[in-house]
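Nothing here was measured: the structure is a model prediction, and the numbers come from that model.
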Amino acid sequence: MGRNAGGAGARGSRPGKRKSTHVDEEEPVRPDRAAGRTVPAPADGGGPDPKRWQALAVCLVAGFMTLLDVSIVNVALPSIRTGLDTPESHLQWVLSGYALAFGLLLVPAGRLGDARGRRAVFMAGLALFTLASAACGAAQSSLWLVIARLAQGFAGGLVSPQISALIQQMFTGRERGRAFGMFGTVVGISTAVGPLTGGLLIQAAGAEEGWRWVFYVNVPLGAVCLLLARRLLPDTPSAGPVTARALDPLGVLLLGAGTLTLLLPLVQAQQWPGNGKWLLLPAAAVLLALFAFWESRCARWDVVPVVRLTLFRIRAYSAGLTLILFYFAGFTSIFFVTTLYLQSGQGYSALLAGLAITPFALGSALAAALSGRLVHRFGRPLVAAGLATVALGLGGVALAVHYVPGRDAGWAMAAPLLLAGLGSGLVIAPNQTLTLAQVPVETAGSAGGALQTSQRVGSALGIAAVGAVFFGQVSDQGWADAYDHGLLVSVAFVVAALVVALTDIGTSARPSRTPRREHGR
């Protein structure tokens, strides 16, 4: 397929003439060799789905719900502690249990959607998510809430990879870029507005019972989405009845064990004292190496791999996964450490802490709305510009808190947070578009699941690293200095993502060299 695409491109251009980077409306795109830009690729066939934009709206609402629950609970933890008399260990699992369960299911759920049908898996996950949200809101004990949160996380992991796969399936060309731009807006905003949304709900319903509405709000939204999904979402053309062997159960088991072993010490970094927990990281490396070994050889036993390792030979895909891992390590940890600083250090209420972070969400929304159109013109350099802007904005936040400490810090950090948000809007959606541009539609679910697994691993890594620095400094240096040190770690992760982007641009711009000995024969 790759050779045919390349051959078509060669036939359509004259020697010595520079290729245009214009992309037609109906054509999917693939990265060009010139600085990460994009050129037309062959379409997947068939006319566009007339209900695709309505279907996308359903997907985006569902995606917003599942991703919002990653961050919305942060500001509700004090209310949960009071309302259910929750011990610290259970409180941490209310937060980290969701992230663990969510990350654990992303790749297997993507593969299941590719094989069995994305609409069916999407609806099953959404139904479970809605029921689990109701169970969370009705919890009468902390153990009840922890179990319900785990179920909610598993359900979110079922839903999320179907969204990027459905976008791949329903859209091509510039439309696909706009659709991913809208999805990127949802990813960025849902994480950023979680604290504000939680604060508003707790303020409206009261500190004692307001935390329940953080979960109950998902119930009517989930019910409406479920009805609309049945009517609007398309079937998966390549799906059909599958056997257990076709779903690669051993690969799923190895990947799940490796992901769990990797994430567990990261999300429990503050709760598990001592360094023994870090021994799980080499164990995770062994499990993931066994997973890669099995995936490379399972075809010999007529087993369809849960992840096609050939995907990682696509430079844009492997670069995009690495970039987003580092970016989410910096991006997600910003909200973690900022809400801690404002609520615990400066005595802000949940609502005020959420409002203080809102400029980032506004900037992200504004930039993400444009980035879906710009990515076709600028490619990876657009992502690099966004990463540089985020790093600059976060540096400005650190300076603002340093020079304006105390209760006025929330006002001082507003402008640099807005700048960082504008940069973030140029990162998430364009990176998703570029990363998945060359992925075959029939493997879009597992490819999208792997991309989102990188996001979840990055989030856990960033929160663990930033949290360790923050809590290590807060007792000795005070809240402002601890916050400065934590932000510097976040900036370091963003700079690492920028290095990956610049390396990808340099590799793309490097001309391929053909051996000249053939010409001398």
Evaluate the ring planes of F180 and F183, with Trp represented by its six-membered ring, and classify them as parallel (under 30°), tilted (30 to 60°) or perpendicular (over 60°). tilted
Below 4.5 Å, heavy atoms only, C-beta onward: do Y327 and V500 meet side chain to side chain? no
Between S296 and F293 (side chain of the first, backbone of the second, donor and acceptor by atom type, cut-off under 3.5 Å), is there such a pair? yes
side-chain contact (heavy atoms from CB on, under 4.5 Å) evaluation trace for F129 with T66: CA-CA 8 Å; F129 186 85; T66 59; 4.0 Å; yes
Run the side-chain contact (heavy atoms from CB on, under 4.5 Å) test on F378 and V383 for me, step by step, so that the C-alpha distance in whole Å, both residues' side-chain angles and the decisive distance to 0.1 Å come before the verdict. CA-CA 9 Å; F378 298 106; V383 178; over 6 Å; no
Within the distance-only criterion (no hydrogens, no angle test), does the side chain of H485 pair as donor or acceptor with the backbone N or O of D481 below 3.5 angstrom? yes
Looking at side-chain heavy atoms only, is the closest gap between V286 and L290 below 4.5 Å? yes
Hey, is CH2 on W278 packed in by over 12 heavy atoms from elsewhere, all under 6.0 Å? yes
Shortest non-hydrogen contact from L56 toward M170: N-CE, 4.2 Å
Side-chain donor or acceptor of R118 paired with backbone N/O of Q169 under 3.5 Å: no
If we ignore hydrogens and angles and just use 3.5 Å, is the side chain of S424 paired with the main-chain N or O of A420 as donor and acceptor? no
On a heavy-atom basis, the closest approach of Y348 and A409 is OH-N, 4.2 Å
Does a side chain donor of either S333 or S490 reach within less than 3.5 Å of an acceptor in the other side chain? yes
Would you confirm whether S459, through its side chain, and T332, through its main-chain N or O, come within 3.5 Å as a donor-acceptor pair? no
Answer whether the closest heavy-atom distance between the side chains of L325 and Q455 falls below 4.5 Å. no
How close do L340 and W479 get, counting heavy atoms only, and between which atoms? O-CZ3, 4.2 Å
To the nearest 0.5 angstrom, please state how far the CG atom of L158 sits from the CG atom of L112. 7.5 Å
Pick one: which of L436, V439, T435 meets side chain to side chain contact (heavy atoms under 4.5 Å, CB included) with S164? L436
Distance only, no hydrogens: is a donor on one side chain within 3.5 Å (strictly under) of an acceptor on the other, for T338 and Y483? yes
Do L419 and P359 have side chains that approach each other closer than 4.5 Å (heavy atoms only, starting at C-beta)? no
Which heavy atom of L387 sits nearest a heavy atom of A501, and at what distance? CD1-CB, 4.0 Å
Taking all non-hydrogen atoms of both residues into account, name the closest pair between A356 and L342 and its distance. CB-CD1, 3.5 Å
Roughly how far apart are T433 OG1 and Q168 CD, rounded to 0.5 Å? 8.5 Å
Taking the side chain as every heavy atom from C-beta outward, state whether T322 and F326 have any pair of such atoms under 4.5 Å apart. yes
I'd like to know whether L311 forms a side-chain contact (heavy atoms from CB on, under 4.5 Å) with I314, so could you lay out the CA-CA distance, the side-chain angles of the two residues, the decisive distance to 0.1 Å, and finally the verdict. CA-CA 6 Å; L311 286 172; I314 303 172; 4.3 Å; yes
Can you tell me how far SG of C59 sits from CD1 of I163, rounded to the nearest 0.5 angstrom? 5.5 Å
V252 and R111: CA distance, side-chain angles, deciding distance, side-chain contact (heavy atoms from CB on, under 4.5 Å) verdict: CA-CA 10 Å; V252 169; R111 172 71 188 111; over 6 Å; no
Expected output: side-chain S364 to main-chain F360 donor-acceptor under 3.5 Å: no
Spell out, as yes or no, whether a donor-acceptor pair under 3.5 Å connects the side chain of Q162 to the backbone of A109. yes
For G396 and P416, which heavy atoms make the closest approach, and how far apart are they? C-CB, 3.6 Å
When you measure from the side chain of T261 to the backbone of A257, do you find a donor-acceptor pair of N or O atoms at a distance under 3.5 Å? yes
So, does R52 use its side chain to make a donor-acceptor pair with the main chain of F171 at under 3.5 Å? no
How far does CG of L394 sit from CZ of F331, to the nearest 0.5 angstrom? 10.5 Å
Working to the nearest 0.5 Å, report the span between CZ of F102 and CD of Q152. 10.5 Å
Heavy-atom side-chain proximity of L100 to W93 below 4.5 angstrom: yes
Under 6.0 Å between ring centres: does that hold for F312 and Y317? yes
Can you find a heavy atom in the side chain of R149 that is under 4.5 Å from one in the side chain of D69? yes
Test item: R380 side-chain N/O and I505 main-chain N/O as donor-acceptor pair under 3.5 Å: no
Is the shortest heavy-atom distance from the side chain of T389 to the side chain of L392 under 4.5 Å? no
Spacing of CZ belonging to R456 relative to CG belonging to L67, to within rounding of 0.5 Å: 6.0 Å
Presence of salt bridge, E295 and R308, under 4.0 angstrom: no
